[in-house]
Amino acid sequence: MRIKNISYLLMLLLFISSCKKGYFDINEVNPNQTQNPPIQGLLASVTYHTGFNVFRAGDFTSYYMQYLASPNTGGASDIYENADRSSLWYNPTPVPTPSPLPTNPFGGVYNTIMDGRVLLEKATQENATEHIGVVKATEAMNMSLMIDLFGDVPYSEAFNAKNFTPKYDKAADIYTTCLALLDEAIVNFTKPNPTIKLDASSDLIHGGKVAAWIKTCHALKARLLNRASKLPSYNPAQILTELSAAYTTNADDAQVTKFMARSPWGQVAYNNTQSLLDGWMSEQFIDALNGKTYGVVDPRLKLIADTTRSGTFKGTPNGKGRTGSGTQREESYLSVNGFYSKADAPLLLITYAEMKFIEAEATFASDKQRSYNAYLAGIAAHIDKLGVSATDKNTYLNNPIVAPGVAGYTVDHLFKEKYVAMFLHPESWTDARRYDYKYKDFTLPQGALLQTFIRRVNYPTSELSRNGANVPNV
């Protein structure tokens, strides 16, 4: 396996994990793990795995969103089968190869946060306030992901090494805690004279840039506050306040760009070329961008997916499986040269484009002109991110189907374009549920095991076997 964009030291540090695990460690201590990991090593582990946890979630929510489709009939994620999602919680055994994940035995949200708690202890002792800020920000990222997918989950008792059956905390309480963690992170990032500065090569999200972390905290707060769009507590003014301190260009985006060999989606695309079938494009997404569903060809499609051998884009119907042989390029796949799935593709966590769509949603009812401007800016930001040519960008943004003017602009425009801009990201599934899946011509997968579109992920089998008495009966 070749090493790309990452130092030998960083390789070593990515495999570091604390022995002070909670209920997910099964009381085992790995003699190959360091018992006193260095502070910058923990920083590398926490930032790296926070990114990978977004990928782990997106690896199945992308089927719910019909970005991707299984090449096989009745694929588990396609048809809402109760597939096990334990690896997103904690991953105490080596990932088998070949796999889109690195062979790291300590992935998952709870392991990542536990490493963060160890980092927090060290950083507090050494007055490394910037590291404290990263711990709190990444804990909020990880736990907000968990409650969005699963609802109530273990939290307040989850990191006690002596408690193997922690209670489940209410999702609403964890949501409030995530907002508080982000406020605490901002405070710590702004404290003067930290004894130890963030190491640029070990901070795999922002390269040691404290100002970027502060913007990300505000961006994540805006995202979380926008999730409450259907609740009485929804406060557009508060969202706009957070946005004013968040991202202003694509250069601000929170993303991971250093990997072992390939980026995770790049590995998925490569695996498909080796007959390990994965990364097949859904018919739903292809038709949304090739002109069939909306009547306009999206120039981003060619920077995401491969064409078939006949030079066209053709998706696979979710639940139905491949219509061709699977080996002769009869259907479209994630491209090994695509923006999201080339070997060194960035793994996007939070983006400027997302912030503009949040602004568009928060202002739609009160200032439609501002909302429309933000909507167009969100499209433009995503188009620029993918590297679309100026000519194609202008053609698309001047198409009246995309840009109908303020009077013709609707919430449907907003959510459709955000659906494209959030490709492969698990937050897109949050949007779909808030929008009640009302995308044009969006249909249930063939053979779906539910009568309606899926709205939550079931708890992992590992929880049912180890902590079954506390698992909510959903």
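Numbers here simply count residues along the sequence, with the first being 1. Model, not experiment: these values are computed from the prediction.
- Looking only at distances, no side-chain donor or acceptor of N188 sits under 3.5 Å from a matching main-chain atom of G133.
- Under a 4.0 Å N-O distance rule, the pair K167/D152 does not qualify as a salt bridge.
- Taking the six-membered ring where the residue is Trp, the centroids of W265 and Y340 are separated by 6.0 Å or more.
- Side-chain polar atoms of D306 and S332 form no donor-acceptor pair below 3.5 angstrom.
- Side-chain contact between K230 and D436: present, with at least one pair of heavy atoms (C-beta onward) separated by less than 4.5 Å.
- We find that D412 and K438 are not joined by a salt bridge, their nearest charged nitrogen and carboxylate oxygen being 4.0 Å or further apart.
- Listed for the T47 side chain is a donor-acceptor partner under 3.5 Å among the backbone atoms of L204.
- Side-chain contact check for I239 versus I358: some heavy-atom pair is nearer than 4.5 Å.
- Annotation: side chain of L386 is in contact with side chain of I304 (closest heavy-atom distance under 4.5 Å).
- Distance alone, capped at 3.5 Å, is enough to place a donor-acceptor pair between the S282 side chain and the Q66 backbone.
- The existence of a salt bridge linking R300 and D392 is excluded, since no basic side-chain nitrogen approaches an acidic carboxylate oxygen closer than 4.0 Å.
- Ion pair D148/R433 flagged as a salt bridge, since at least one NZ, NE, NH1 or NH2 atom sits closer than 4.0 Å to an Asp/Glu carboxylate oxygen.
- Ring geometry, Y64 versus Y80: the interplanar angle exceeds 60°, so the pair is classed perpendicular (tilted spans 30 to 60°).
- Using cut-offs of 30° and 60° for the angle between ring planes, the Y168 and W89 rings count as tilted.
- Ion pairing between a basic and an acidic side chain is recognised when a charged N comes within 4.0 Å of a carboxylate O; K209 and D252 show no such pairing.
- The existence of a salt bridge linking E427 and K418 is excluded, since no basic side-chain nitrogen approaches an acidic carboxylate oxygen closer than 4.0 Å.
- In summary, R223 and D431 do not engage in a salt bridge, as defined by a charged side-chain N under 4.0 Å from a carboxylate O.
- Residues T351 and N250 fail the side-chain proximity criterion, which asks for heavy atoms closer than 4.5 Å.
- For the ring-ring contact (aromatic ring centres under 6.0 Å, His included) with Y67, the qualifying choice from F60, F285, W429 is F285, the only one to do so.
- No donor-acceptor pair closer than 3.5 Å links the side chain of D203 to the backbone N or O of D199.
- Two residues are said to be in side-chain contact when any heavy atoms from C-beta on lie closer than 4.5 Å; L42 and P38 fail this criterion.
- A salt bridge is defined here as a Lys NZ or Arg NE, NH1 or NH2 lying under 4.0 Å from an Asp or Glu carboxylate O, and K385 with D253 meets this definition.
- Distance alone, capped at 3.5 Å, is enough to place a donor-acceptor pair between the Y419 side chain and the M65 backbone.
- Of the listed residues (K356, Q238, E359, H218), just one forms a side-chain contact (heavy atoms from CB on, under 4.5 Å) with L243, and that residue is E359.
- Legend: residues meeting ring pair (Phe, Tyr, Trp, His ring centres under 6.0 Å) with H413, ordered by chain and number and at least two apart, are absent.
- Within the 3.5 Å criterion, the main-chain N or O of T138 finds a donor-acceptor partner in the side chain of N142.
- Side-chain atoms of D344 do not come within 3.5 Å of backbone N or O of T257 as any donor-acceptor pair.
- For the pair N127 (side chain) and P194 (backbone), a donor-acceptor distance under 3.5 Å is absent.
- Looking at heavy atoms from C-beta onward, L347 lies out of side-chain contact with S263 at the 4.5 angstrom threshold.
- Between the side chain of Y175 and the main chain of L224, a donor-acceptor pair closer than 3.5 Å is present.
- Remark: Y435 engages F415, Y439 in a ring pair (Phe, Tyr, Trp, His ring centres under 6.0 Å) (not counting sequence neighbours).
- Taking 4.5 Å as the limit, some side-chain heavy atom of Y396 sits within range of a side-chain heavy atom of I383.
- Aromatic ring pairs are classed by plane angle as parallel below 30°, tilted from 30° to 60° and perpendicular above 60°; the pair F453 and F442 is tilted.
- Here the side chains of N53 and M146 are not in contact, with every heavy-atom distance at 4.5 Å or above.
- Taking the six-membered ring for Trp and thresholds of 30 and 60 degrees, F189 and W213 have nearly parallel ring planes, at less than 30 degrees apart.
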